[in-house]
Amino acid sequence: AGFQGVVNAVVTVQPTNLFSLATRAKLWTSFTAFRLQLAPLEAAGCLIPGGAALLAARVAQALPLTYGETLAFTYGLQPALRCADLRPGMTLRIDYGDYAYVGPPTVPGTGGARNAYNGGGSARLRVRRRPDGTLGFDALLDAFAPYQVATPDQYGQVAGLLDMEAAGTALAYGRLIYPPQIDGPTYVASAPNPANNAALLFASSAADLETATQNFVQGGSTGGVGSALPFSGRVALSLEIGVTVNQVPARVPLGTTLRDLVDGAFAVSIDEIAPPNATSNLSLKLWRWAQPSLLPGNAPINAYANSQVAFEPATRIVPGSNLSQWDLPLGVGDVVQWSVPQS
């Protein structure tokens, strides 16, 4: 109801850059352009809020990508820019480091020598999408009438959930980002520099988020595009995703691999259980949600139906990268199951 018409989107992927290692940057550029063109379809009523990100993720899953590219194309993880996208269902983990003022320095380098950061605990906030399409972090606060910060910080700093949920701070697209330089654990010459801290970037469109990111990387601010929320203190930001391990739901940091899971479950390394170039009796299976490229023949794409990742009995190490099948990054919704081999 209310639609003025039906908008059809036809996606054609040319094979030119799909399998060429020399043109991987072009593939990323093309995929980014595709994502940006999807976004206006939400405003046109063709896609539900969040539909553009969902379609982009499905296309990314069908592309022949390396392990590192999987995280970049699906979750916006860009190591060179020190950023990753916020997606509904993820958990934003905030490890706080509060700044303790013991004594103000009278002369730089003297006095106040005990001023330092100290541990301030951790918070885990579930990223969610509000009915209006914007990102939120707490269902109860999202339900309240908008509120304002009475005396906002001049640098736009946030101290926690209250500031993040204040009116006007959350938009439809978001990502966490780290600056190229952070303050040390002690800083006695002056107050901490807000530009030297991790931040959240928000924008109303995917295109604006890319522009805001480039502006932030180059000058420490979004340049008036979208908004930047640098944290006060000295925080570490991380994203966690939901997986199922041996029928037990778990949340793991984005970038966690099969090796990380198995190494944490056994008293020995996976390389001892399944050594390279040797046949192993380790039984390990992984199912990935709606992964078309993993389905045999013309099997229907229905949740996890037949979408099992096959692992080789003999593990091979890829020359140059030192990666093996155990370095496969986990994705949201992955179901992993293994049995301990008998000695």
Side-chain angles (χ1 to χ4, degrees), residues 17 22-43 49-50 52-57 59-60 63 65-66 68-88 90 92 94 127 129 133-135 137 152-158 163-164 168-183 192-232 234-239 254-255:
N17 299 324
T23 57
R24 303 310 290 179
K26 293 183 179 180
L27 180 60
W28 170 254
T29 300
S30 298
F31 181 76
T32 300
F34 165 68
R35 284 196 308 110
L36 299 185
Q37 293 178 41
L38 275 179
L41 296 180
E42 291 186 18
L54 178 62
L55 285 179
V59 172
L63 296 175
L65 303 174
T66 64
E69 290 172 336
T70 298
L71 297 176
F73 280 66
T74 309
Y75 305 107
L77 176 61
Q78 301 181 65
L81 298 182
R82 300 168 298 280
C83 68
D85 290 346
L86 302 177
R87 301 286 171 81
M90 287 180 166
L92 174 65
I94 309 172
V127 183
R129 190 173 298 283
T134 62
L135 297 177
F137 297 94
D153 178 79
Q154 61 176 321
Y155 301 107
Q157 293 181 111
V158 296
D163 304 303
M164 295 163 59
T169 57
L171 297 169
Y173 295 84
R175 65 177 37 145
L176 65 81
I177 189 167
Y178 279 77
Q181 177 176 302
I182 62 174
D183 284 337
N193 185 351
N196 291 348
N197 211 347
L200 298 177
L201 302 183
F202 291 100
S204 58
S205 70
D208 283 351
L209 184 62
E210 296 302 324
T211 301
T213 300
Q214 294 299 325
N215 291 344
F216 187 86
V217 170
Q218 295 171 10
S221 73
T222 64
V225 180
S227 62
L229 304 182
F231 278 81
S232 61
R234 188 174 187 259
V235 304
L237 301 179
S238 183
L239 292 172
L254 184 65

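Since the structure is predicted, the reported quantities are computational estimates derived from the model, not experimental observations.
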(request) Might you work through the side chain to side chain contact (heavy atoms under 4.5 Å, CB included) test for Leu237 and Tyr178, ending with a clear yes or no? (result) CA-CA 8 Å; Leu237 301 179; Tyr178 279 77; 3.9 Å; yes

(request) Please test Leu135 against Arg129 for side chain to side chain contact (heavy atoms under 4.5 Å, CB included), starting from the C-alpha separation and ending with a verdict. (result) CA-CA 5 Å; Leu135 297 177; Arg129 190 173 298 283; 4.1 Å; yes

(request) Please identify each residue that fulfils side-chain contact (heavy atoms from CB on, under 4.5 Å) with Gln37, with sequence neighbours left out. (result) Ala33

(message) For a quick test of reading the model, state the closest non-hydrogen atom pair linking Ala228 to Thr222 and the distance between them.
(response) CB-CG2, 3.6 Å

(request) Decide yes or no for Phe34 and Thr29: does some side-chain heavy atom of the first lie under 4.5 Å from some side-chain heavy atom of the second? (result) no

(message) Using 0.5 Å steps for rounding, measure from the OG atom of Ser232 to the CG atom of Asp163.
(response) 7.5 Å

(message) Whether the Gln214 and Thr211 side chains hold a donor-acceptor pair (N or O, under 3.5 Å, no angle test) is what I'd like checked.
(response) no

(message) For the CG atom of Leu27 and the OG1 atom of Thr32, what is their distance to the nearest 0.5 Å?
(response) 9.0 Å

(request) Can you run down the side-chain hydrogen bond (donor to acceptor under 3.5 Å, both in side chains) pairs that involve residues 73-82, sequence neighbours left out, and say none if there aren't any? (result) none

(request) State which residues pass salt bridge (Lys or Arg N to Asp or Glu O under 4.0 Å) with Glu210; sequence neighbours excluded, sorted by chain then number. (result) Arg35, Arg175

(request) Applying side chain to side chain donor-acceptor pair (under 3.5 Å), name anything that partners Arg87, two or more places apart in sequence or on another chain. (result) Asp85

(request) Quick one: closest heavy-atom pair of Ala60 and Leu65, and the distance? (result) O-CD1, 3.4 Å

(request) Write down the atom of Pro194, the atom of Pro230, and the distance for their closest heavy-atom approach. (result) O-CB, 3.8 Å

(message) Could you walk me through whether Leu92 and Met164 satisfy the side chain to side chain contact (heavy atoms under 4.5 Å, CB included) test, starting with their C-alpha distance in whole Å, then the side-chain angles of each, then the deciding distance to 0.1 Å, before giving a yes or no?
(response) CA-CA 12 Å; Leu92 174 65; Met164 295 163 59; 3.9 Å; yes

(message) Under the rule for ring-ring contact (aromatic ring centres under 6.0 Å, His included), what residues qualify as partners of Phe31, not counting sequence neighbours?
(response) Phe73

Which side-chain N or O atoms in residues 197-207 pair as donor and acceptor under 3.5 Å with protein atoms at least two apart or in another chain?
residue : atom : partner : partner atom : Å
Asn197  : OD1  : Val235  : N            : 3.3
Asn197  : ND2  : Phe231  : O            : 2.6
Asn197  : ND2  : Gly233  : O            : 2.5
Ser205  : OG   : Asp208  : N            : 3.1
Ser205  : OG   : Asp208  : OD2          : 3.4

